[in-house]
Peer 1: 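Quick one: the structure is below, questions incoming.
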Amino acid sequence: GQQLNQSPQSMFIQEGEDVSMNCTSSSIFNTWLWYKQDPGEGPVLLIALYKAGELTSNGRLTAQFGITRKDSFLNISASIPSDVGIYFCAGLVNNDMRFGAGTRLTVKP
Amino acid sequence: DTGVSQNPRHKITKRGQNVTFRCDPISEHNRLYWYRQTLGQGPEFLTYFQNEAQLEKSRLLSDRFSAERPKGSFSTLEIQRTEQGDSAMYLCASSGQGGTEAFFGQGTRLTVV
C-alpha cells in the first residue's frame with residue numbers, strides 16, 4: 001500500500017488562484033518527485049528534488065524538499081484550466097519509488 | 001518518439017485468460033519499473049529491473065504475475081488466469097544510471113470481464 005500521505009485529497013479552486021499541496025512520510029527519501037496525471041494517461045514528471053531544503057521552480061510550479069527529508073510540497077501559482085488533473089508525489093530511496101494517493105485538482109474558469 | 005512506450009494501450013479479456021503487456025523504456029535507461037494503478041489511487045509498485053536482473057518484487061505480485069526483461073531492453077508483464085480484481089492500469093517507468101528521475105509510459109488499461 002501507500003507509504004506517503006498526500007493532502008489534500010481534492011481541491012476546487014477558481015482560475016487564477018494559487019494552489020498548495022503536500023506530501024509527508026514516516027520514511028526518509030533521497031529524492032522527491034512530483035507528477036501530474038491526466039485521465040487515461042501515464043504520470044508526467046513535473047519537478048524532481050534531490051537535496052534536503054532544495055527549492056525548485058518549473059514555470060508556475062514550485063516545489064520544496066523538506067529539511068527532514070520526510071516531506072515535500074508543491075505550489076502552483078495563478079492556476080489555469082489546463083492545470084486540472086491529479087498530482088502525485090513520489091519518494092525515492094535506493095531505487096524504491098513510492099507514491100502518494102494523489103491530489104485531484106479542479107479549476108473553475 | 002524517445003519516451004517510454006507501452007503496448008497495448010487497452011486490453012479487454014475474459015476471466016481466466018492470460019495476457020501479456022510490453023514496455024519499451026527510454027533507450028539508454030537501465031532501470032525499469034512496473035506499477036499497477038486502480039481508480040482513485042496512486043501507482044502501486046509491482047517490480048523493478050536493473051538491466052536484465054529483476055531486483056525487487058512486491059508482495060502484490062502474486063504467482064500469477066511474471067515479468068521479464070530478457071536482454072535488458074524491453075520488458076513484458078504476463079498475468080495468467082486473469083481475475084476481475086486484476087482490472088487496472090498497468091504502468092511502466094524507466095530511469096537512467098543515476099536512478100533518479102523516472103519517466104512513465106502511457107499505461108495499459110486492463111479490463112477483465
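So you know, we letter chains A, B, ... as the sequences are listed, proteins then strands, and number each from 1.
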Peer 1: Contact part of B:Q106 toward chain A, heavy-atom cut-off under 4.5 Å: side chain, backbone, both or neither?
Peer 2: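 When you check distances to chain A, atoms from both the backbone and side chain of B:Q106 fall under 4.5 Å.
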Peer 1: Quick check: is B:F74 connected to B:L32 through a chain of hydrophobic side chains (ILVMFWY, heavy atoms under 4.5 Å apart)?
Peer 2: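 Unlinked, B:L32 and B:F74 end up in two clusters.
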Peer 1: Please name the pair of heavy atoms, one in B:Y35 and one in A:M97, separated by the smallest distance, quoted to 0.1 Å.
Peer 2: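 Looking at all heavy atoms of both residues, the closest pair is OH-O, 2.7 Å.
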Peer 1: Count the heavy atoms of every other residue, nucleotide or ligand shown that sit under 6.0 Å from CD of A:Q9, and state whether that count exceeds 12.
Peer 2: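 At most 12 heavy atoms, drawn from other residues, nucleotides or ligands, come within 6.0 Å of this atom.
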Peer 1: Report the distance from atom CD of B:E101 to atom CD1 of A:I47, rounding to the nearest 0.5 Å.
Peer 2: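 So the CD of B:E101 and the CD1 of A:I47 are separated by 11.0 Å.
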Peer 1: What residues of residues 33-44 of chain A make heavy-atom contacts with chain B at a cutoff under 4.5 angstrom?
Peer 2: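 At a heavy-atom separation under 4.5 Å, chain B is reached by A:L33, A:Y35, A:Q37, A:G40, A:E41, A:G42, A:P43.
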Peer 1: Heavy atoms only, distances under 4.5 angstrom: which of B:M89, B:Q37, B:E56, B:R109 has the most pairs with chain A? Name it, please.
Peer 2: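 Looking at each option in turn, the highest pair count goes to B:Q37.
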Peer 1: Is there a path from B:V19 to B:L77 through hydrophobic residues (I, L, V, M, F, W, Y) whose side chains come within less than 4.5 Å of each other?
Peer 2: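 The answer is yes; both residues are in one hydrophobic cluster.
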Peer 1: About how many Å separate CD of B:Q41 and CZ of A:F99, when rounded to the nearest 0.5 Å?
Peer 2: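 Answer rounded to 0.5 Å: 13.5 Å.
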Peer 1: Answer with side chain, backbone, both or neither: which region of B:Q6 has an atom nearer than 4.5 Å to a non-hydrogen atom of chain A?
Peer 2: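 Neither the backbone nor the side chain of B:Q6 comes within 4.5 Å of chain A.
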Peer 1: Tell me which of these, B:A102, B:C92, B:G107, has more heavy-atom pairs under 4.5 Å with chain A than the rest.
Peer 2: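 Option with the greatest count: B:A102.
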Peer 1: So which bits of residues 63-82 of chain A come within less than 4.5 Å of chain B, counting non-hydrogen atoms only?
Peer 2: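 Under the 4.5 Å heavy-atom cut-off, nothing qualifies.
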Peer 1: Taking side chain as everything from C-beta outward and backbone as N, CA, C, O, which of these in B:R9 sits under 4.5 Å from a heavy atom of chain A? Side chain, backbone, both or neither.
Peer 2: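 Contact with chain A is through the side chain of B:R9 alone.
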Peer 1: Count I, L, V, M, F, W, Y as connected when their side-chain heavy atoms are under 4.5 Å apart, and connections chain through other members. Are A:I86 and A:L45 then in the same cluster?
Peer 2: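 Yes, because A:I86 and A:L45 connect within a single hydrophobic cluster, where side-chain heavy atoms sit under 4.5 Å apart.
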Peer 1: Heavy-atom count around B:E68 CD within 6.0 Å, excluding the residue itself: above 12?
Peer 2: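 Counting neighbours around CD of B:E68, 12 or fewer heavy atoms of other residues, nucleotides or ligands fall under 6.0 Å, so no.
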Peer 1: Check whether A:L46 and A:I13 end up in the same hydrophobic cluster, where Ile, Leu, Val, Met, Phe, Trp and Tyr are linked by side-chain heavy atoms less than 4.5 Å apart.
Peer 2: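 The answer is yes; both residues are in one hydrophobic cluster.
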Peer 1: Transitively linked via ILVMFWY side-chain contacts under 4.5 Å: A:L4 with A:V93?
Peer 2: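 Cluster IDs for A:L4 and A:V93 match.
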Peer 1: Restricting to non-hydrogen atoms, name the atom on B:G42 and the atom on A:F88 that form the minimum distance, rounded to 0.1 Å.
Peer 2: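 Scanning both residues, the minimum pair turns out to be CA-CE2, 3.2 Å.
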Peer 1: Give, for atom OH of B:Y33 and atom CG of A:L92, the distance between the pair rounded to the nearest 0.5 Å.
Peer 2: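 Here the rounded value is 5.5 Å.
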